[in-house]
Structures are given as structure tokens and as C-alpha cells.
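Worksheet for the structure shown next.
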Amino acid sequence: MGREGSRQSGVDKGRARARLYARLGRRRRPRAGGIVRGGIGRFGASRPWATLRMERGAKEKNHQLYKPYTNGIIAKDPTSLEEEIKEIRRSGSSKALDNTPEFELSDIFYFCRKGMETIMDDEVTKRFSAEELESWNLLSRTNYNFQYISLRLTVLWGLGVLIRYCFLLPLRIALAFTGISLLVVGTTVVGYLPNGRFKEFLSKHVHLMCYRICVRALTAIITYHDRENRPRNGGICVANHTSPIDVIILASDGYYAMVGQVHGGLMGVIQRAMVKACPHVWFERSEVKDRHLVAKRLTEHVQDKSKLPILIFPEGTCINNTSVMMFKKGSFEIGATVYPVAIKYDPQFGDAFWNSSKYGMVTYLLRMMTSWAIVCSVWYLPPMTRETDEDAVQFANRVKSAIARQGGLVDLLWDGGLKREKVKDTFKEEQQKLYSKMIVGNHEDRSRS
Amino acid sequence: MGSRGSHAARIPDGDSIRRETGFSQASLLRLYHRFRALDRNEKGYLSRVDLQQIGALAVNPLGERIIDSFFPDGNLRVDFPGFVRVLAHFRPVDDDDSGMRDPKQPEPLNSRMNKLRFVFQLYDLDRDGKISRHEMLQVLRLMVGVQVTEEQLESITDRTVQEADEDGDGAVSFLEFTKSLEKMDIEQKMSIRILK
């Protein structure tokens, strides 16, 4: 009786436990050293596990893990200068607040707090460094909590390193080498042909083929959307800029005329070869400073309908693919049809952002070739032209908003040049103007004080 | 490549900073990451240039004064403890801060008095404990730029100093300053909440 009873209660206990788990909605916790779902399988299964394992390691040592927070680290209220200062004044004085312009000692609180908020967290600084991932993708470069890694995870990571460096890297370098040499040789050979339809046909296919080999060399997995909106002759293609790879990605799906500065070394060889096969627009370093010259050459190119669409990145510098920064108005003044393209990379398999202040080109390419893969989506947006009542800057902002919306990026008005330079004083004057209105009123009320 | 990541999780002197400023460990970790992001050349400290490069701070009319508060006594560098000490003034006041505080311990950095003292030294350029008429004029000039004439600014300054000044010495001392702001909800207006 006793033994039977205990066996039954054992079974009952198991059932009770299962019911309890079901009611609480808990998944079975991974046991120490075990892997959820029995193996790596797809990447999707092991990644959140890797993060969970690190969290447990950190908790055991009684330390805090660093958790990246993509929406900013402080709580902000989006109120205007006027509203905030009025709020502050209202809370400080018991007398009824009329709208007479005046100054209060407490006004300084607004500027002080706003300033401190930007020191703790601002929209721009974080766009110039690689995006922080919420779950680890087994690349040590994206890990901030490296020391909380268990043995199992380290072995996994080590295996990843072996695969990436010893197997994938040589393969990719071989492919890249093939692609580039084919491009140089192919375009030079095509350059000797007489101008005509055959030359154009060959040139297009040589370019496309070589770019596609280079795409394979990076293991770039690209999804093109809305290909019916692809840029046509006589137009300008604008896209957001995250890395030099953007060029390869776009050029492997379409035939473009490139715009850029003449470089030395290997780049220079490639540029000289390419221009033999079809007209690209290369500028000498001295010519780049002359904005009128640049505009003139671009206009000439665009007006010739037989020439290819130009590919331009109006941000002027690489941004980390979480936002789109101010577009320089130069390309929007030319008056051609603009074909916007939005490029969004998925950082889970490899971050494509080029932090030019940290890494040179060669280091960057090496990092690209030792990531798992570069995954991205390209959206071709419908063409836009400048309306009669908007100027180049407004047009540029309109295009920028369209690209940001499509790619799911934050639309910022700040200039990407802030990576290297200081901001202009005109923006400060706007703030000062707003505040002056509050303490002395408009110019018409100057008689009151 | 892995060694760069390991710095972030271990803050030097983390415990003593936490005790002094009252920040939680998670907040401190975020601020440490922010410090390292601002420190572009990885020097281990921040200079004025590092703070000036923040676009949104450069367009703040009082940007330079705020940056000055990080470099007291003519220092040219601020390390992480110094950085956090200034930011600690803006930590929201918790309920348990005011209740069971040991009177022998120094006042927490984010107390009402310390917040007021911080704002006071934004006005008091020469740190002599009084806001003179001239100092008030200078700060006002920063806030309005070229939008207001000299006479208007002077009349505003005169009126403000007159209203706040009680002992008639033509300057606003710290006590007079606190008195004129006694009804203000400083704790709320001068607090920045760090998200968990």
C-alpha cells in the first residue's frame, strides 16, 4: 500500500508540477551547462541563450551587466522653451502670471537642465559609433560584458572565430581578388572597343558581374524591394550612407555612373580602368572644393540622356544606420529627377558601419570579411522632383524624410559634419531669440520694460 | 578585440562613487558608457573640447557656463568621478533620502540645497559667494545674445537684483537667492531621471 501510494504520489507530483508550469506560463529554464532546444540549430536559437547565460554569470558574481538602451538613457519631456519656462515660473511664484515679458532668476533652470540632459545623452554623438545590439551575436567586437562568459559560450565563440577566420576569410579574399581584377581587366578591354551599343552592352555586363562577385565576397544577403522604381538615365540616385559597401550593393543591381574624388593606389587603378568603359565623374582633390565646378559637371552629365544615372550620398559621411542626417543641398539644386533609395542593414550578423575615425579602410574590410554575413534591405522609392515653391533645402529634407520613413530610421536635422566639426552659431541664436521674446517681448513692445 | 569590451563592466572605484553620489549601479554603468563615448581619443578623462563637440550643448546659450561647472578651480581635465559628481546634482530626490539620513553624513549631492548651490555658481562667475550686478548682466547677455539692447538688459538686471537683495549691498548672496526661490519645486525642475 505504502509503495503503491508513493509511486502514485510521485506521478501526481510530476503532473502537478507540469500544471503549475503551464499556469504560470513559464518556459523550462535552461539547466546549467545545457543548451535550450538541444543545439545551435539556427542562429536565432543560440543568440538569446548567449545573452541569458551572460546574465546568469553576472548575477552569480553579483555584478551588473551593461544593457544597451536604444531609445536614449534619460526620460525627456518634449516641451518647448516657452512652455517649460512658464511652468517653472508658475511653480515658483504665488502671484498670478500675466503675459508681461519679464525675467525671473528661475529661468536659468531650463537652460541648465537642458544642457545637462544633452551631456547625459544626445541624439547625435551616438550616431557616429556602431549600433549597440541587445542580444549577442557571437562576435567579440559587439560584446560589452565579455568577462561574464561561461566555458560553454567561450567554446562556441572560439569555434566561431575558427570558422570565420580560417574558412570564410580566405574564401572571401579569393573572391574579392577575382572580382576586382576582373573589373580592372574587363573594363580596360572594353575600353578599347569603338563607342557604340555593343560597347555599352559589354560594359554594363562587366560592371554588373564584377560587382556581384564582390557582393559574394562579402557574403552580403540583399533583399531588393520595389525594383520597378530603379533609377533611369538622366536621374540622380540618392541614398543614406553607412559604409563604402553601399556602393557595391547598389551597383550590383543597377548600372550607375559613380561620383567621387580621385584616389591613389589600388582605388586609383580601379577608377582609371572603370572610366575607360563608361563615363564616371571623378574629381581631382582641388576641384572638390569648388562647388560651382562640381555642380556644373554634374548638371552636364545629367542633361545628357544617354549617360547613366549618378549615384550620390548626400550625407557626406558614414552614419551608423540608426538615423539619417542632414542632406547637403548640392545635388538637389541641379534640377534632375531624384530617385531616393533607402538602405537598412540588419546588424545581427555583422555591423557594416564604418567608423572612419577608428578604423582605416583595410581594417574595415577585414572586419567585414570576418563577420558572419552582411544582411541588408534596399528599397527603391518612387522618383521625386523639386516643386516650384520649395527651395533645395526643403526638397532635400523631403527626400530625407521619405528615406528615413521607409528604412525605419530616425530623421535628424543635424549635420553629419558634426562628426568632425563644431556646430554653427546660427542655431544658438534661434534659442536666444526665443528666450528674448519672453523677457522683453517683441520689438513692438520695446517701450515697456 | 575582446579586451575593449571588458572595461565597460568594471568601473574603477565604482563602489565609492556609488556611495558618494547615490546613483544605482545600473545608472552608473550607463553614465560610464556615456563618459567613454564622449572621450573620443580614449584618454581616460574629458577636456572642454570633448564636451563642446556635443551639438545640442553648443547651441544652448549657457553651454559654456555649464561646461565650466565641470572644470572648477581652473582644471583642464575631468575624470569619471568628477563627471559623475556634477551629474549627481541632478539625480531625482528619492523619498528615503530625506527620511532616515544620518545627520553626521555629508548632505547628499542631490539635496535641494546642493541643487540650488549648483545653479548659484552658474550665475556667480568669480565664485565669491555673491551674484553682483555685473555678473547677472553677463549671464543675461549669454542667454539673449544680440537680441536685446544694453539699456533694456541693464534695467532688467537692476530690477532683479533689487527684488532679491535684502541687505542692500547691491548683490545677491546665496541666502537671498534661496529665499527668492523658496516656493519653487526645485527637486522636480532640476532632476533628470535615468531610465532603467
Side-chain angles (χ1 to χ4, degrees), chain A residues 58 63-67 69 71-75 87-88 91-94 102-109 111-126 129 140-141 143-148 357 414 418 422-423 427-433 435-437 439-440 446 449, chain B residues 1-6 8-10 25-26 29-31 33-34 37-38 40 51-63 66 87 90 118-119 122-123 139-140 143-149 152 155-156 159-160 164 172 177 180-181 183-186 188-195:
Chain A
H63 280 132
Q64 191 72 259
L65 259 193
Y66 172 71
K67 284 206 189 94
Y69 201 86
N71 289 334
I73 70 172
I74 52 183
E87 248 296 309
I88 295 177
S91 85
S93 67
S94 46
E102 59 181 298
F103 168 71
E104 293 283 340
L105 279 173
S106 56
D107 289 349
I108 201 176
F109 286 7
F111 293 110
C112 180
R113 178 164 146 209
K114 268 274 169 313
M116 280 301 167
E117 278 179 358
T118 63
I119 291 183
M120 283 193 186
D121 191 18
D122 76 314
E123 279 297 323
V124 176
T125 314
K126 60 188 175 193
S129 60
S140 68
R141 57 193 73 150
N143 194 333
Y144 306 99
N145 299 301
F146 207 59
Q147 54 191 124
Y148 298 121
S357 43
W414 295 96
L418 282 177
K422 288 215 237 173
V423 75
F427 297 107
K428 196 198 289 202
E429 282 169 21
E430 283 174 27
Q431 291 258 311
Q432 289 169 330
K433 248 189 236 161
Y435 181 61
S436 315
K437 264 203 217 116
I439 66 172
V440 290
R446 215 193 283 243
S449 69
Chain B
M1 269 187 236
S3 58
R4 198 207 173 255
S6 64
R10 290 298 202 97
Q25 194 167 18
L29 213 51
R30 288 202 191 289
L31 289 176
H33 254 259
R34 177 65 176 167
L38 289 174
R40 276 202 189 168
L51 290 176
Q52 281 162 348
Q53 83 198 10
I54 304 175
L57 186 62
V59 304
N60 189 317
L62 289 179
I66 295 173
L87 293 177
F90 291 82
F118 186 80
V119 179
L122 284 181
Y123 276 116
V139 175
L140 267 170
M143 290 201 268
V144 301
V146 298
Q147 309 295 326
V148 176
T149 64
Q152 278 177 304
S155 67
I156 292 175
R159 189 170 44 84
T160 315
V172 181
F177 184 69
S180 69
L181 293 172
K183 291 203 201 65
M184 176 128 329
D185 183 9
I186 308 267
Q188 210 248 324
K189 293 298 167 201
M190 289 277 284
S191 293
I192 302 175
R193 190 166 61 88
I194 300 185
L195 298 168

**Fill in**
Counting heavy-atom pairs under 4.5 Å with chain A, the top scorer among B:Val139, B:Leu62, B:Ile192 is B:Ile192
**Message:** Counting heavy-atom pairs under 4.5 Å with chain B, which one of A:Glu429, A:Met116, A:Gln431, A:Glu117 comes out on top?
**Reply:** A:Met116
**Segment of A:Thr125 engaging chain B (4.5 angstrom heavy-atom cut-off)** = side chain
**Any side-chain heavy-atom pair of B:Leu122 and A:Phe111 under 4.5 Å** = no
**Request:** Would you indicate whether the side-chain heavy atoms of B:Ile186 and A:Phe109 approach each other to under 4.5 Å?
**Result:** yes
**Request:** Over all heavy atoms of both residues, which pair between A:Thr118 and B:Ile54 is shortest? Give the atoms and the distance, please.
**Result:** O-CG2, 3.9 Å
**Under 4.5 Å from any heavy atom of chain B - which part of A:Tyr435** = side chain
**Test item: B:Leu31 and A:Met120 side chains (from C-beta on) under 4.5 Å apart, heavy atoms** = yes
**Request:** Flag the pair B:Leu57 / A:Asp122 as yes when at least one side-chain heavy-atom distance between them is below 4.5 Å, and no otherwise.
**Result:** no
**Prompt:** Hey, which of B:Leu140, B:Val172, B:Leu38 has the most heavy atom pairs under 4.5 Å with chain A?
**Reply:** B:Leu140
**Asked** In terms of heavy-atom proximity below 4.5 Å to chain A, should B:Leu87 be classed as side chain, backbone, both, or neither?
**Response** both
